[in-house]
2 protein chains.
Amino acid sequence: MRNSNKRQLAIESMRKQILEVSSQLFQEEGYEQTTLRKIAKVIGCNPATIYNYYNNKEAIFFALQEEAFTHFYEAFEDIRLSEVKGFQKLRKMGRKYIDFGLNHPHLYELMFVLKPPMKAAEALDPEWNIGQKNYDLLKEAVEECMEEGSIRLEDVESGAFMIWSMVHGLVALRINKHCEMMMKEDLPFIANQAYITFENLLKSIK
Amino acid sequence: MRNSNKRQLAIESMRKQILEVSSQLFQEEGYEQTTLRKIAKVIGCNPATIYNYYNNKEAIFFALQEEAFTHFYEAFEDIRLSEVKGFQKLRKMGRKYIDFGLNHPHLYELMFVLKPPMKAAEALDPEWNIGQKNYDLLKEAVEECMEEGSIRLEDVESGAFMIWSMVHGLVALRINKHCEMMMKEDLPFIANQAYITFENLLKSIK
DNA sequence: CAAAATATTAAACGTTGTTTATTAAAAGAA
DNA sequence: TTCTTTTAATAAACAACGTTTAATATTTTG
């Protein structure tokens, strides 16, 4: 195994390239439109070659999902490092969440809307915990809010889930344009309606 | 055109049958798994025959979506007819919404999660307003709540959207099992967590 | 450098949704 | 009713998909 390092690097490199190309196509066109044949064409290889690096299409998107969650986690880095606590932290996190969702709609869908790669997550990796790391951040903020008495919630668990549901609902409905479907005439002001609605939620539970 | 009535009835009947079979298959297996070939096999006709009654698969699911919205609207019939107003009405509506979502997950997805038939809705039927009829019911309840001062919201428009986002988030996250992904260990109690969380929201904004 | 292991490829398989040309059936006019 | 015309159902094929297989090219190893 003289060149097994080199070989290993080549394999890593190919896997990375597949992921990069897949990610770009996916963010442009979504899951269904991102076909293995397109990926292969961009890379310049045969579709079958991809199967030497990933077991199937789902495995690629499972990997992409993991990347997306990491990307998502890193988006909260400045909040995690800053001194801000409690209510203001919760507000910042909410805005950041909405930002991420609206600016990376396909990544958001991959994480929280689509089901296929999710099953892979459950099946392949019982130690998967990047999602939980993100959720813990929210629970932490909610806990601080309850300690400082800045919001009225029953308990941390339920409060965190409530707020998550709320921002997820905001983002999901906006991404898929379902709000435009339900409220046709009241549309001019919804440009940043998601932010406004989140702020109103905070006011209401204060 | 002697028998054109009869013919017309046969066409209506066939369209109805296609819709019924599609609906059943869809509610059992979802969008992707409900293929035109399966539908045709159940009906006992050639797949191509279906194209004499619907332009394409999307058109079938657009029709199903309209049915789903009607079904959804009718689920609120008793609330609409009852005397209950304001806060209690909002609570009942929330529970009904969650009920519907959890008991008919595929229909719920068709209405509020999947995108394909949505585009058809926009494109084909600018007079489509069944969605708005449902939303108006919510706005009405929110308005009553604000009049009686039972909940603290900025305005009707924003308040209604907030509550919709909240219950949609609850249902959508549960349907796709994303909550189980984010909070692994806190799962025993979530059997009817959606209801509990909704009740907590109401308490918090009271 | 030859042999063994591995990666890439072209071709094919079994699916999809959809279209086309042909056959069967129903409708209108005599 | 009978003949013609319009309409519907069919089998077959198309393009595209994810995936598998068997053969070719490329490395790695002894």
Side-chain angles (χ1 to χ4, degrees), chain A residues 1-19 21-22 25-26 28-65 110 114-117 119-120 123-124, chain B residues 1-19 21-22 25-26 28-65 110 114-117 119-120 123-124:
Chain A
M1 52 164 98
R2 199 177 50 196
N3 271 343
S4 87
N5 295 347
K6 205 168 176 181
R7 189 81 205 89
Q8 204 63 32
L9 280 172
I11 289 173
E12 294 285 321
S13 162
M14 183 63 168
R15 283 179 66 96
K16 197 177 153 194
Q17 192 184 7
I18 291 170
L19 233 51
V21 171
S22 303
L25 288 176
F26 171 72
E28 286 165 3
E29 322 187 37
Y31 184 82
E32 301 291 340
Q33 300 301 318
T34 303
T35 69
L36 292 179
R37 284 172 161 87
K38 278 186 194 170
I39 297 168
K41 185 170 249 176
V42 172
I43 293 177
C45 71
N46 191 283
T49 303
I50 296 175
Y51 285 83
N52 285 324
Y53 300 92
Y54 290 94
N55 286 332
N56 47 40
K57 187 180 178 182
E58 203 176 346
I60 296 175
F61 283 86
F62 173 55
L64 276 185
Q65 191 194 45
L110 188 59
L114 299 178
K115 12 174 70 122
K119 289 185 191 160
L124 296 174
Chain B
M1 51 164 98
R2 199 178 49 197
N3 271 344
S4 88
N5 294 347
K6 205 167 176 181
R7 190 81 206 87
Q8 205 61 32
L9 281 172
I11 290 174
E12 293 284 321
S13 162
M14 183 63 168
R15 283 179 66 95
K16 196 177 154 194
Q17 192 184 7
I18 292 170
L19 233 49
V21 171
S22 303
L25 288 176
F26 171 71
E28 286 166 2
E29 322 187 36
Y31 184 82
E32 301 291 340
Q33 299 301 319
T34 303
T35 69
L36 292 178
R37 282 172 165 85
K38 279 186 193 169
I39 297 169
K41 184 169 249 174
V42 172
I43 292 176
C45 72
N46 191 282
T49 303
I50 296 175
Y51 284 84
N52 284 324
Y53 299 91
Y54 289 96
N55 287 331
N56 46 40
K57 187 180 178 183
E58 203 176 346
I60 296 175
F61 283 87
F62 173 54
L64 275 185
Q65 190 194 46
L110 188 57
L114 299 178
K115 13 175 71 122
K119 289 185 192 159
L124 295 175

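Letters A, B, ... are given to chains in the order of the sequence lines, protein chains preceding strands, and every chain is numbered from 1.
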Rounded to whole Å, the CE-C1' distance (A:Met14 to D:dT27) equals 16 Å
Is there a side-chain contact between B:Met14 and B:Ile43 in this structure, where contact means two heavy atoms from C-beta onward sitting under 4.5 Å apart?
yes
Residues at least two apart in sequence or cross-chain that pass ring pair (Phe, Tyr, Trp, His ring centres under 6.0 Å) with B:Tyr54, listed by chain then number, are none
Categorize A:Tyr54 for me: base, sugar-phosphate, or nothing, with a 4.0 angstrom heavy-atom threshold over every strand shown. nothing
Under a 4.0 Å heavy-atom criterion, the protein footprint on nucleotides 18-24 of chain D, written with B, S and -, is BBB----
Contacts of A:Glu29 meeting salt bridge (Lys or Arg N to Asp or Glu O under 4.0 Å) (sequence neighbours excluded), chain-then-number -> A:Lys38
Q. Would you call A:Asn56 and A:Leu36 a side-chain contact if the rule is heavy atoms closer than 4.5 Å?
A. no
Rounding to 0.5 Å, atoms OG1 (A:Thr34) and NZ (A:Lys57) come to a distance of 6.5 Å
Rounded to whole Å, CD of A:Gln33 lies from P of D:dC17 at a distance of 9 Å
Separation of C:dT8 atom C1' from A:Lys41 atom NZ, nearest Å, is 18 Å
To the nearest angstrom, the CD1-P distance between A:Ile18 and C:dT8 comes to 9 Å
A:Gln8 atom CD is separated from C:dA7 atom P, nearest whole Å, by 10 Å
Separation of C:dA26 atom P from B:Asn52 atom CG, nearest Å, is 14 Å
When rounded to the nearest 0.5 Å, the distance separating CD1 of B:Ile60 from OH of B:Tyr51 is 7.5 Å
A:Ile39 CD1 to C:dT8 P, in whole Å, measures 16 Å
B:Ile50 CD1 to C:dT20 P, in whole Å, measures 18 Å
Looking at A:Thr49, I'd like to know whether one of its side-chain N or O atoms comes within less than 4.0 Å of OP1 or OP2 on C:dT9.
yes
